[in-house]
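Remember, it's a predicted structure, so these values are computed and weren't measured experimentally.
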Amino acid sequence: PTACEKTLEGHGQIVRAVAQLGDDTLISGSADETIKVWRVSTGACERTVQIGSWVRSMQLFGEKIYIGTSAGSIEVWDKASWTRERTLEGHTVEVGALIMVGDLLVSSSADNTCRVWNPTTGACEHMLEGHMSSVWSLALCHGTLASGSYDHTIKLWNTTSWTCEHTLEGHTHYVMALAVHGDKLVSGSNDRSIKVWAQSAAGWACERTLDLGSSVWSLLMCGDKLVAGLYNGSIVVKSTEGEWETERTLTGHGNAVETL
């Protein structure tokens with residue numbers, strides 16, 4: 001399908017994060033300092049939760065919702081009662097991305113670091129340093145943590161020792177988004193390209209570069225399709241077979257597609 005079936009309206013500022021809470025429930029986080037809970041089938045907003053800071057990222061795990069904020073904190077909320085249970089503090093500025101690695105929560109930030117948290121105790125167990133600028137994207141590729149940064153690089157971290165094992169270079173502008181397709185890592189950048197990275201006996205290398213014509217701000221794997229949200233407001237759907245050709249372009253947004 002190429003038609004927009006429903007538009008959910010209600011936030012007063014940029015929507016920075018979305019997540020699926022159930023078959024018919026979507027949650028969205030915004031720079032208006034709220035999270036909204038939506039019934040997808042009707043388009044109705046069923047709940048608005050005040051967070052107190054811009055919502056930049058979200059991660060669902062079990063009965064918890066982890067919310068990365070512009071203040072640098074990570075809020076832990078119970079998704080059944082919508083009560084705040086804990087605040088994880090350590091980052092000094094905006095939390096760009098969140099991801100679960102086993103039972104541990106990993107966060108990235110504009111303070112140039114990633115942190116590894118025990119969400120049960122609230123303790124920060126590791127701090128990953130090495131990027132020279134803001135870290136805005138995270139992905140887990142076959143047990144290896146990938147982090148994408150405004151320093152134009154992607155770092156690959158061992159999730160046992162939490163040491164950086166590889167740095168992938170090739171993008172000429174900010175790395176905005178990461179996704180995983182099979183054993184390949186996919187990166188989207190402000191240089192208007194998507195790069196597909198693969199590991200061989202010789203190490204990691206870029207095996208394909210796709211020109212999108214606009215900065216790539218978000219990525220999502222949907223089955224065997226790669227979906228890219230662009231700065232120009234369009235969404236591009238690409239095949240991951242053959243030459244990774246564009247199958248369709250979805251239009252309708254009036255500004256950058258920051259999240260998918």
Original post:
How about Ser28 and His11: does a side-chain donor come under 3.5 Å of a side-chain acceptor?
Top reply: yes
**OP:** Before giving the answer on side-chain hydrogen bond (donor to acceptor under 3.5 Å, both in side chains), spell out for Lys195 and Ser187 the whole-Å C-alpha distance, their side-chain angles and the decisive distance to 0.1 Å.
**Re:** CA-CA 5 Å; Lys195 289 184 179 292; Ser187 57; over 6 Å; no
**OP:** May I ask you to check whether Thr167 and Lys155 show a side-chain donor-acceptor distance below 3.5 Å?
**Re:** yes
Original post:
Looking at Lys225 and Glu247, does any basic side-chain N land under 4.0 Å from a carboxylate oxygen?
Top reply: yes
**OP:** Check whether any side-chain heavy atom of Val106 lies under 4.5 Å from a side-chain heavy atom of Leu145, and answer yes or no.
**Re:** yes
Original post:
Distance from Leu60 atom CG to Trp77 atom CH2, nearest 0.5 Å?
Top reply: 14.5 Å
Original post:
Distance from Ser133 atom OG to Asp111 atom CG, nearest 0.5 Å?
Top reply: 11.0 Å
Subject >> Nearest-0.5 Å distance, CG of residue Leu128 to CG of residue Asn112 >> reply: 12.5 Å
Original post:
Just wondering, are more than 12 heavy atoms of other shown residues or ligands nearer than 6.0 Å to CG in Asp224?
Top reply: yes
**OP:** Kindly indicate, with the supporting measurements, whether the criterion side-chain hydrogen bond (donor to acceptor under 3.5 Å, both in side chains) is fulfilled by Trp136 and Tyr174.
**Re:** CA-CA 9 Å; Trp136 286 122; Tyr174 305 153; over 6 Å; no
Original post:
Would Ile51 and Ile65 show up in the same hydrophobic cluster when neighbours are defined by side-chain heavy atoms closer than 4.5 Å?
Top reply: yes
Subject >> Positive for side-chain contact (heavy atoms from CB on, under 4.5 Å) with Ser147, one of Leu156, Val135, Thr153 >> reply: Val135
Subject >> Pair Trp38-Thr25, side-chain hydrogen bond (donor to acceptor under 3.5 Å, both in side chains): steps then yes or no >> reply: CA-CA 6 Å; Trp38 306 87; Thr25 305; over 6 Å; no
Subject >> Spatial distance of atom CG (Leu220) from atom CG (Leu226) [nearest 0.5 Å] >> reply: 8.5 Å
Original post:
Hey, does Thr48 have a side-chain heavy atom less than 4.5 Å from the side chain of Lys36?
Top reply: yes
Original post:
Any chance the side chains of Asn190 and Ser215 put a donor and an acceptor closer than 3.5 Å?
Top reply: yes
Subject >> Evaluation steps, side-chain hydrogen bond (donor to acceptor under 3.5 Å, both in side chains), between Trp157 and Thr163 >> reply: CA-CA 5 Å; Trp157 307 85; Thr163 55; over 6 Å; no
**OP:** Check the hydrophobic clustering (I, L, V, M, F, W, Y; side-chain heavy atoms under 4.5 Å; chains of links allowed) and say if Leu105 and Val95 are grouped together.
**Re:** yes
**OP:** State yes or no: do Ile99 and Trp117 share one hydrophobic cluster built from I, L, V, M, F, W and Y residues joined by side-chain heavy-atom distances below 4.5 Å, directly or via other members?
**Re:** no
Original post:
Pick one: which of Lys64, Arg86, Arg84 meets salt bridge (Lys or Arg N to Asp or Glu O under 4.0 Å) with Glu75?
Top reply: Arg84
**OP:** For atom CZ of Phe61, decide whether the heavy atoms of other residues, nucleotides or ligands shown that lie under 6.0 angstrom number more than 12.
**Re:** yes
Original post:
Distance from Ile235 atom CD1 to Leu230 atom CG, nearest 0.5 Å?
Top reply: 8.5 Å
Original post:
Is there side-chain contact between Val227 and Val236, with at least one heavy-atom pair below 4.5 Å?
Top reply: no
Original post:
CG of Leu26 to CG of Leu21: how many Å apart, nearest 0.5 Å?
Top reply: 8.5 Å
Subject >> Glu243 atom CD, neighbour heavy-atom count above 12 within 6.0 Å >> reply: no
Original post:
Taking the inter-plane angle between the rings of Trp244 and His181 on a 0 to 90° scale, is it parallel (under 30°), tilted (30 to 60°) or perpendicular (over 60°)?
Top reply: perpendicular
**OP:** Evaluate the side-chain proximity of Lys238 to Thr249: yes if any heavy-atom separation is below 4.5 Å, no if none is.
**Re:** no
Original post:
Side chains of His131 and Thr113: do they bring a donor and an acceptor to under 3.5 Å?
Top reply: no
Subject >> Side chains of Ser193 and Asp211, donor plus acceptor under 3.5 Å >> reply: no
Original post:
Are Arg115 and Glu129 close enough for a salt bridge, meaning some N to O gap below 4.0 Å?
Top reply: no
**OP:** Would you kindly say whether Ser73 and Thr69 are connected by a side-chain donor-acceptor distance under 3.5 Å?
**Re:** yes
Subject >> Pairwise side-chain contact, Ile67 with Ile35, heavy-atom cut-off 4.5 Å (strictly under) >> reply: yes
Original post:
Hey, is CH2 on Trp54 packed in by over 12 heavy atoms from elsewhere, all under 6.0 Å?
Top reply: no
Subject >> Atom NE2 of His166 with >12 non-hydrogen neighbours under 6.0 angstrom >> reply: yes
